[in-house]
Amino acid sequence: MKLKIALQKNGRLADGSTDLLRKCGIRFSNGYGKLRAEAADFPLEIFFLRDDDIPDYVADGVADIGVIGENVLAEDPKPVDAFEKLGFGRCRLSLAVPKAQPYEDISDIAGRRIATSYPNILRTFLKERNVDADIHEISGSVEIAPSIGLADAVCDLVSSGSTLFSNGLREVETVLQSEAVMVARRDLGDEQRAILEKLLFRVRSVKAAAQNKYILLNAPEAKVDEIRRLLPGMRSPSMVPLAEPGWVSLHSVVDEADFWDVVDSLKRAGAEGILVLSIDQMIR
Ligand code: PRT
Ligand code: ZN
């Protein structure tokens with residue numbers, strides 16, 4: 001018995017998805033043009049598909065689980081369970097208008113033509129704000145619609161913002177935040193569920209590791225109490241005596257989000273020789 005997972009073949013979620021499996025210790029080959037692979041050391045069969053097709057494949061049970069952008073499901077809901085955010089493929093669906101066009105608030109969009117590939121999400125967003133606008137659904141290159149006279153505004157996915165910027169557009173509203181999410185079919189059998197639990201345990205260890213750094217530092221014994229208070233650690237920091245009398249080395253784990261602040265306070269408290277390392281997996 002194998003668990004079948006559907007991943008995007010090419011595109012913005014492809015590398016994140018295969019990297020995640022590899023960090024989970026799952027090896028497989030996904031050479032050019034390959035549509036199917038079997039993992040060498042985990043009961044997993046991998047399908048490489050277009051992202052838009054993945055929700056249907058999972059809903060129909062052709063695949064048991066899949067990785068897609070939350071935006072895809074929000075636009076076109078399917079009977080699948082989205083159960084685990086994966087921390088990559090982050091983007092937002094935003095409204096943008098030409099730079100020179102005045103914009104105070106959403107009421108300025110009323111009566112305008114908005115080009116988008118996300119008509120359902122946009123319609124709901126506008127309705128909730130009692131704004132009536134003309135939604136033009138187009139399937140690609142949404143950002144050029146205003147400059148060719150097709151629309152007065154766009155509603156499109158944004159990550160760095162450089163596409164909007166180079167098309168003379170400015171972001172004025174965030175309609176939806178999105179990231180890659182794992183989805184599953186609703187009628188998974190017990191055996192598949194057991195494999196999924198095993199996979200999820202690894203996925204969560206990889207995610208936790210990405211959110212943390214391993215930190216090592218040297219400190220005079222007299223400063224240890226003060227420095228310990230700055231280091232949360234999983235339980236408490238490890239402490240190893242240095243060859244030089246009166247000095248110790250402290251090891252701990254810090255949150256990736258504020259490790260620069262922690263490093264600054266550690267230096268002020270007398271820490272020296274600070275090393276910060278990435279963590280591959282973190283088992284809680
Ligand atoms: O062939 P297939 O159908 O599988 O791929 P696709 O072309 O439909 O999808 P793809 O690979 O473009 O996007 C897949 C998923 O990646 C999306 O559904 C989102 O969940 C996620 N994602 C994350 C993004 C972006 N970031 C993103 N930046 N999807 C699209 N973009 C577009 C954006 O609209 C802009 O046009 O990328 C362009 C560059 O963005 P900036 O802001 O960095 O300039
Ligand atoms: Zn697609």
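From a predicted model like this one, the values you see are computed outputs, not experimental measurements. Read the numbers this way: they start at 1 and go in the same order the structure lists the ligands and their atoms.
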Are any of the N/O atoms on Gly11, whether in the backbone or the side chain, positioned under 3.5 angstrom from an N/O atom of ligand 1?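 By distance alone, the answer is no.
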Do any nitrogen or oxygen atoms of Tyr118 come within less than 3.5 Å of a nitrogen or oxygen of ligand 1?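 No, no N or O pair falls under 3.5 Å.
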Closer than 4.0 Å to some heavy atom of [X] - which atoms of ligand 1 meet that?
X	answer
Gly161	41 (P), 42 (O), 43 (O)
Val158	42 (O)
Val72	18 (O)
Gly69	20 (O)

If you count the non-hydrogen atoms of other residues, nucleotides and ligands that lie under 6.0 Å from CZ in Arg27, is the total more than 12?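 Result for CZ/Arg27: open.
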Specify the closest pair of heavy atoms between [X] and [Y], including all atoms of both residues, with the distance to one decimal.
X	Y	value
Ile68	Leu13	C-CD1, 3.7 Å
Val142	Pro146	O-CD, 4.0 Å
Ala209	Ile279	CB-O, 3.3 Å

So which heavy atom in the protein is nearest [atom], and how far is it from that ligand atom?
atom	result
atom 41 (P) of ligand 1	Ser160 OG, 3.4 Å
atom 2 (P) of ligand 1	Asp51 OD1, 3.4 Å
atom 22 (N) of ligand 1	Cys91 SG, 3.6 Å
atom 29 (N) of ligand 1	Leu157 CD1, 3.4 Å
atom 1 (O) of ligand 1	Arg50 NE, 3.5 Å
atom 28 (N) of ligand 1	Ser159 OG, 2.8 Å
atom 25 (C) of ligand 1	Arg12 CD, 3.3 Å
atom 39 (C) of ligand 1	Thr163 OG1, 3.2 Å

Regarding atom 10 (P) of ligand 1: of the candidates Gln8, Glu143, Arg90, which has the closest heavy atom?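 It is Gln8 that holds the nearest heavy atom.
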Quick one: which of Ile54, Asn10, Asn71, Val181 has a heavy atom closest to atom 20 (O) of ligand 1?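 Looking at heavy atoms only, Asn71 sits closest to atom 20 (O) of ligand 1.
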Side chains of [X] and [Y]: do they bring a donor and an acceptor to under 3.5 Å?
X	Y	answer
Asn120	Glu75	yes
Glu143	Thr163	no
Glu137	Tyr118	no

Tell me, which protein N/O/S atoms are under 2.8 Å away from the Zn ion (ligand 2)?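 The answer is Asp51 OD1, Asp52 OD1.
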Salt bridge flag under 4.0 Å for residues Asp134 and Arg113: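 Salt bridge absent between Asp134 and Arg113.
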Any Lys/Arg nitrogen of Lys4 or Glu45 sitting under 4.0 Å from an Asp/Glu carboxylate oxygen of the other?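 Salt bridge between Lys4 and Glu45, a charged N being under 4.0 Å from a carboxylate O: no.
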Report yes if the side chains of Val158 and Leu164 come closer than 4.5 Å at any heavy-atom pair, otherwise no.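 Touching, per the 4.5 Å side-chain cut-off.
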Side chains of Val183 and Val67: closer than 4.5 Å at any heavy-atom pair?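 Val183 does not reach Val67 side chain to side chain.
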Looking only at atom types and distance, does a side-chain atom of Glu179 sit under 3.5 Å from a main-chain N or O of Gly87, one as donor and one as acceptor?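 At least one qualifying donor-acceptor pair exists.
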Apply the test side-chain contact (heavy atoms from CB on, under 4.5 Å) to residues Leu49 and Tyr57: give CA-CA distance (whole Å), side-chain angles for both, the deciding distance (0.1 Å), then the verdict. CA-CA 9 Å; Leu49 303 166; Tyr57 276 97; 3.7 Å; yes
Would you kindly specify which portion of Leu13 sits under 4.0 Å from ligand 1, judged on non-hydrogen atoms: side chain, backbone, both or neither?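 The answer is the side chain.
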Which bit of Asp156 gets closer than 4.0 Å to ligand 1, counting heavy atoms only: side chain, backbone, both or neither?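 The answer is the side chain of Asp156.
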Could you check Leu95 against Asp156 for side-chain contact (heavy atoms from CB on, under 4.5 Å), going step by step and ending with a plain yes or no? CA-CA 7 Å; Leu95 263 179; Asp156 199 10; over 6 Å; no
Can a protein heavy atom be found under 4.0 Å away from atom 5 (O) of ligand 1?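 When distances to the protein are checked, atom 5 (O) of ligand 1 has a heavy atom within 4.0 Å.
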Taking the six-membered ring for Trp, are Phe28 and Phe48 parallel (under 30°), tilted (30 to 60°) or perpendicular (over 60°)?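 It falls in the tilted class, 30° to 60°.
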